[in-house]
Amino acid sequence: MDHFDFHDGVLHAEDVPLPVIAGAVGTPVYVYSRATLTRHARVFRDALAPLERTHIAFAVKANPNLAVLKLLAAEGYGADVVSGGEMERALAAGMAAQDVVFSGVGKSDAELARGLEAGIGQFNLESEEEGIALAAIAAAQGRTAQAALRVNPDVDAGTHGKISTGKAENKFGVPYDRAAAIYARLAALPGLAMRGLAVHIGSQLSSLDPLEAAFAKMGGLMRAIRAEGLAVTHMDLGGGVGVPYKAGDAFPSPAEYGAMVARVTQGWDATLMFEPGRVIAGNSGVLVTKVIRVKPGVAAPFVVVDAAMNDLARPAMYDAWHDFVAVTPGGTRETANIVGPICESSDTFAMGRDIDVVAPGDLAVFRTAGAYGATMANTYNSRALVPEVMVDGDKWAIVADRIDPATILAAERVPDWLL
Ligand code: LLP
C-alpha cells in the first residue's frame, strides 16, 4: 500500500500532483511519501509487537536520506549502518548511538575506533580477526565493545545471486560450524563483551521459508553456546523481507513475517533485533522521469527517458523490474523498450514491456524506487546527482539537492606539473 495515486487522471504523491514537483525541481527526481514511510514503519513495528523484547534498526543503506532517517528515528527506529558515513548520518538524524548496530564485512580500524567513541550499541563482527582488532582498539580506549558474531548459516535465500549473503561461499559472517568456538575465544578477550549472534541471508526474499530455516539454525547455535556457559542475550535476525515490484505480485506480509519469527523464536529468552530496509522504504518512493524521445526499434520502439542507470541502478545491476507508469496516461497501451541516455546497453530499464503510450515531454515514474534508488546513484557520463523530494499531504520539500556536473567538475584538480 502506498500514497501514489491518480486524482483526475494525474498521478499524485499524496496530495501533490507530480507535474508540480517536476516543473519546479526538474527531472529526474526521486519523490518520497511521508505517509507511506510512516505507515510501513508502523506496520512492521506492529507486526513485531507481540514479541517480548525487540530492537528495530533500519538498514540505512536502503535509503540514507537525512529526512528519511529523522522520520524513522521519530518512529522509534534505530539504525543498521555499514560504514562510518552511514553511522554519522544515523547520529545526525538524532538516533541514539545505543540504538545503532554497526555491520559490514570490512570495517576499518578508524571506523571501529570512531564507533567506540560514539558509543555504538552493537558491533556485528564478521570474522574472528575483526573481533580481535575491535577488542584491542576498545581496550586501548579503556572501553568495552558490545558485540555480536555474524554467522553464515549456509542457507540459500532464493533471491538474486548478487544480493544473496547466507551461502557458505559468500563473504559474510563466520562458518556455522566454527561459530561456537570463535564466539568462545572472542568472549574471553578484554575489551569485548560478546552478547549475541547475527544473521542476514539476503535481500528481496519472496518466501519466508529460507528465513525460517536460518533462524532455526541460529536458535540451535544459541543454545549450544549457552550450554558452554556463555551469555547470548541478543539475536539479530537481519533484514531481507521482499516487496512486490510488479503490480499484482504477492509477497509475505510483515504480519506473516512477525508470526513466523514468533513461532521460531519461542522460548529463546533474548532481545530480538531486526534490520529491515526495503520493506520500510521500497514503495514509499518513485523516480519521476521525462520522456526525451521515442525512436523506432526492431521489435518495439525505444522510449528514451531522462533517467538513466546512474539514477536507478537496479535494472542494470540485477535485471530488476520497476513498474513504469505515465503520470497522465491517455488510456492507450503499447509494447516498448524503456532506456536511458547513457552510452551503454545496460542502461535499459525494460525490454518489450507493455506500457502506457508516452510521447516526448510526457512524465512517467518508476515505482517502488524508495529503497536502493537514490542511494545507489552516481554521476556516470558526467550526469547530475539526482535530487530527492519528500511530500507530506499537500506540502513538499527538496530533501537532497541536485548536484550538477559543474559542482562535481569544480571539485577536480589538475596538478601544475601536468602541463
Ligand atoms: N542487514 C544487512 C546486514 C544487510 O546486508 C542488508 C542488505 C540489510 C540488513 C537490509 O536488507 P533488506 O531488508 O533491505 O532486504 N542493492 C540491492 C540490495 C542490497 C542489500 C544489501 N544488504 C538492491 O537494490 O536490491
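Keep in mind the model is a prediction, meaning the values are calculated, not measured. Throughout, residue positions are numbered sequentially from 1 according to the sequence presented.
Side-chain contact between T27 and V288 is present, with heavy atoms from C-beta onward closer than 4.5 Å. Two residues are said to be in side-chain contact when any heavy atoms from C-beta on lie closer than 4.5 Å; E88 and R114 meet this criterion. Side-chain contact check for L272 versus F215: every heavy-atom pair is 4.5 Å or farther apart. Taking the side chain as every heavy atom from C-beta outward, M194 and Q146 never approach each other to under 4.5 Å. Considering only heavy atoms from C-beta on, E344 comes within 4.5 Å of Y380 through its side chain. Annotation: side chain of L112 is in contact with side chain of E130 (closest heavy-atom distance under 4.5 Å). With a 4.5 Å cut-off on side-chain heavy atoms, P315 and W321 do not count as touching. Side-chain contact between Y32 and E388: present, with at least one pair of heavy atoms (C-beta onward) separated by less than 4.5 Å.
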Assess the residue pair L197 and Y183 against the criterion (side-chain contact (heavy atoms from CB on, under 4.5 Å)); give the C-alpha distance rounded to whole Å, side-chain angles, the decisive distance to 0.1 Å, and a yes or no.
CA-CA 9 Å; L197 298 170; Y183 194 95; 3.8 Å; yes
Quick one: do H55 and F274 satisfy side-chain contact (heavy atoms from CB on, under 4.5 Å)? Show the steps, please.
CA-CA 6 Å; H55 178 271; F274 300 89; over 6 Å; no
Is there a side-chain contact (heavy atoms from CB on, under 4.5 Å) between V10 and V327? Walk through the geometry before answering.
CA-CA 6 Å; V10 181; V327 168; 4.3 Å; yes
Please walk me through it: do V389 and V399 pass side-chain contact (heavy atoms from CB on, under 4.5 Å)?
CA-CA 5 Å; V389 161; V399 293; 5.6 Å; no
When you look at Y257 and E212, which way does the side-chain hydrogen bond (donor to acceptor under 3.5 Å, both in side chains) test go after all the steps?
CA-CA 9 Å; Y257 173 76; E212 182 160 0; over 6 Å; no
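Aromatic pair F58/Y77: ring centres not closer than 6.0 Å. Ring centroid separation for the pair F366 and F349 comes in under the 6.0 Å cut-off.
A distance-only check finds no donor-acceptor pair linking the side chain of R34 to the backbone of L71 [under 3.5 Å]. Remark: side-chain polar atoms of N337 are not paired, donor with acceptor, to backbone N or O of F302 under 3.5 angstrom. Remark: the backbone N or O of I280 is paired with a side-chain donor or acceptor of H40 at under 3.5 angstrom. Of the possible polar contacts, one joining the R226 side chain to the V232 backbone as a donor-acceptor pair under 3.5 Å is found. Put simply, the side chain of T165 gets close to the backbone of I201: a donor and an acceptor are under 3.5 Å apart. For E256 (side chain) and S253 (main-chain N/O), a donor-acceptor pair under 3.5 Å exists by modelled atom type. A donor-acceptor pair under 3.5 Å is formed between the side chain of T159 and the backbone N or O of Q204. Judged purely by atom type and a 3.5 angstrom limit, E111 uses its side chain to pair as donor or acceptor with the backbone of S108. In this structure, K295 contributes its side chain and P301 its backbone to no donor-acceptor pair below 3.5 Å. Distance alone, capped at 3.5 Å, places no donor-acceptor pair between the T407 side chain and the I403 backbone.
N124 and D236 share a donor-acceptor pair across their side chains, judged by distance under 3.5 Å alone. Looking at N283 and T368, their side chains never bring a donor and an acceptor atom within 3.5 Å of each other. No side-chain donor from either of R150 and S103 sits under 3.5 Å from a side-chain acceptor of the other. Between the side chains of D354 and T335, no donor N or O sits under 3.5 Å from an acceptor N or O. A side-chain N or O of N310 and one of R383 form a donor-acceptor pair less than 3.5 Å apart.
Residues R185 and E128 are paired through a salt bridge, judged by an N-O separation under 4.0 Å between the basic side chain and the carboxylate. D356 has a carboxylate O that lies under 4.0 Å from a charged side-chain N of R333, or vice versa, which qualifies the two as a salt bridge. Ion pairing between K395 and D15 fails under the 4.0 Å rule for side-chain N and carboxylate O. Salt-bridge formation is not detected for the pair D156/K167: no Lys NZ or Arg NE/NH1/NH2 atom is positioned less than 4.0 Å from an Asp or Glu carboxylate oxygen. For D80 and K61, the salt-bridge test passes: some basic side-chain N is under 4.0 Å from an acidic carboxylate O. Ionic pairing of R367 and D323 is not present here: no N-O contact between side-chain nitrogen and carboxylate oxygen is shorter than 4.0 angstrom. Using a cut-off of 4.0 Å between Lys/Arg side-chain N and Asp/Glu carboxylate O, E126 and K171 are scored as not salt-bridged.
Across all their heavy atoms, T144 and L192 have their closest contact at CG2-C, 4.1 Å. Nearest heavy-atom pair across A336 and I355 is CB-CD1, 3.7 Å. Listed here is the closest heavy atom pair of V241 and V279: O-CB, 3.8 Å. A pairwise comparison of heavy atoms in S203 and R278 identifies OG-NH2, 2.8 Å as the closest pair. Looking at every heavy atom in both residues, N63 comes nearest to G370 through ND2-O, 3.0 Å. Taking both residues in full, the closest heavy atoms of G239 and L211 are given as O-CD2, 4.1 Å, listed atom of the first, atom of the second, then distance.
Interatomic distance, L363 CG to K290 NZ, rounded to the nearest 0.5 Å: 6.0 Å. For the atom pair CD of E275 and CD1 of I56, the computed distance is 11.5 Å after rounding to the nearest 0.5 Å. Here the CG atom belonging to D99 is positioned 8.5 Å from the CE atom belonging to M273, to the nearest 0.5 angstrom. One distance of note links CG of L149 with OG of S127; it measures 9.0 Å at 0.5 Å rounding. We find the CD-CG distance between E129 and L186 to be 9.5 Å, quoted to the nearest 0.5 Å. Within the model, atoms CD of Q98 and CD1 of I120 stand 8.5 Å from one another, a figure rounded to the nearest 0.5 Å.
No cation-pi contact links R53 to W268, judged by a cut-off of 6.0 Å to the six-membered ring centre and 45° from its axis. Cation-pi geometry between K217 and Y176 is satisfied (NZ or CZ under 6.0 Å from the ring centre, within 45° of the ring normal).
Crowding of Q266 atom CD: a count of heavy atoms from other residues, nucleotides or ligands under 6.0 Å not exceeding 12. For E52, the CD atom is loosely surrounded, since the number of other residues' heavy atoms within 6.0 Å does not exceed 12.
Ring geometry for H322 against Y245 counts as perpendicular: the plane angle is over 60°, on a 0 to 90° scale with 30° as the lower cut.
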